[in-house]
Amino acid sequence: MIKTRFAPSLSGYMHIGNLRSALFAYLIAKQDEGEFVLRIEDTDRSRSRIGVEEQIYNILNAFQLTYDEGPHRETNNTEYVQSKRLDIYKSYAEKLLKKGEAYYCFCDKKTLNANRMKANEEKQNFLYEDPCRIIGIEEAKNRVLAGESYTIRQKMPKTGQTSFRDLVYGDITFDNSTLEDQILIKSDGFPTYNFANVIDDALMEITHVTRGCEYLSSMPKYLLLYEALNFPRPEFVHLPLVRIKEKGVLIKNYKEDDLMDLLNQGFLPSAIINYMALLGWNPRTNQEFFTLQELINEFDISKITKRPCCYDIKKLVWFNKHYISKMNDQEYINFTRPYLENVYNLKDKTEEWINNLLLLFKKHLHFGSEIALVSNLFFRKTIVLDEKCINYLRSDELIPSVLTTFKEEVENCSNWNLQNIEELLKRVELKTNSTKEKTYMPIRIVVTGLNYGRELSKTLFLLEQQTIIKRVENSIGMY
Ligand code: GLU
């Protein structure tokens, strides 16, 4: 049975790249009816941020990426938060010390960093030749007991090669001579990510380690640990980089990839998941829309692509619009109404009016909070016309009579309903000897302030007679 894990650190809020990793790990497990594990990697104490852990649970829940094992869903007394597993890492470090494959290092960080920086400035590779490697274990233990600060490092081979086969990137070989003795336990007693992730993946019986390909270069370090600890190697699935369109940089730095922000703005989890799946997975058919269940059915590791993929907010918006337009009316109303209520006072509006307003935009809405923006014309006190609109109103001498006739028709209409409005518009067209376009456009401009929009009759119906009359009157003198 396949078992995968998502192992976020707490150094930053979950972004699109993290979600893509979580989704792929989830799909790889679930397409085989396997298990998906959540592990919180919080060993980098200085970089862990408050609130991130809670957000991870909320996001996985919102996207229905339900984990089978993890925090709050422990099995066999296993802890899934690394800071609660310190004894485990320590015991494995001790095993390696005993076997002579690891050693205590007392070098101070400052000198080390200064050397590293100097080499960087001189554009030379820095490979630390650790003098502590040859300190005898007894002497080292005495120094530890005397309270000296230390790290524990693994002895890396100086010759030979380390190879593995990645299920996406194929066969990869590294020269051991490029590796420095890696730190396993830091001076604060916490394990490094390299050490902890190997131990955890092995003890949690992860069969397919799935993560971003930025970790590929560290693979020899993990592999040498699997070897030293006598752990069987899992399969490795490295995922292509996600770049933000045009900027060409890792998306970590951008707000557009802030998942909470996207959800708060009214992007649907189903649309985000669908688009995320296509960032690095190619179904090799023309199908573009997939539910989570369809993804589970269709997903296949062999269709994961190698080339960096491009996160394009415009494409996500396109998916989102599609998913919104496919909602049933009630779902759509429940989804959009809070965004309207948040901005406008709806106390004197009827339920029917509110629902009609929301539904007017159903096929056109890109994200939930956009409803407040597009429906602004129904709540504004005054309409301001831009130059383009004014120029249009001045472009034909028929327009004043269209507007005057329209105003009269509205004033005389005793039953304000859709059918009467449509008939009224037709009459204006006939009476003024105008065309449909030359009738509709000036009316639209003076009552909405825009030269585009949704169906005019429905818009007029929602605006109501008094508002329309006032707006037509206010426009007199502009053309
Ligand atoms: N904690 C690592 C991160 O958040 C996870 C890498 C991995 O999945 O092994 O990037």
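Just so you know, ligand 1 is whichever comes first in the structure, and atom 1 is the first atom listed for that ligand. Scope of the values below: all heavy atoms of this structure, side chains included, with no hydrogens, waters or symmetry mates.
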* Test: Asp68 and Lys30 ion pair at under 4.0 Å -> yes
Within 45° of the ring axis of Tyr104 and under 6.0 Å from its six-membered ring centre, is that where the NZ or CZ of Arg143 lies?
-> no
- Query: Does ligand 1 have an atom that lies less than 4.0 angstrom from a heavy atom of Glu214?
  - Reply: no
Do the non-hydrogen side-chain atoms of Gln287 and Glu294 ever get within less than 4.5 Å of each other? yes
Please determine if Arg47 and Asp44 form a salt bridge, counting it only when a charged side-chain N lies under 4.0 Å from a carboxylate O.
yes
Ligand 1 to Ser9 polar contact by distance, N or O atoms, under 3.5 Å
yes
Ala7 to ligand 1: N or O pair under 3.5 Å? yes
With heavy atoms and a 4.0 Å threshold, my read on which part of Tyr193 contacts ligand 1 is side chain
For Thr66, the side chain to side chain donor-acceptor pair (under 3.5 Å) test, sequence neighbours excluded, returns none
Would you say ligand 1 has an N or O under 3.5 Å from any N or O of Arg5? yes
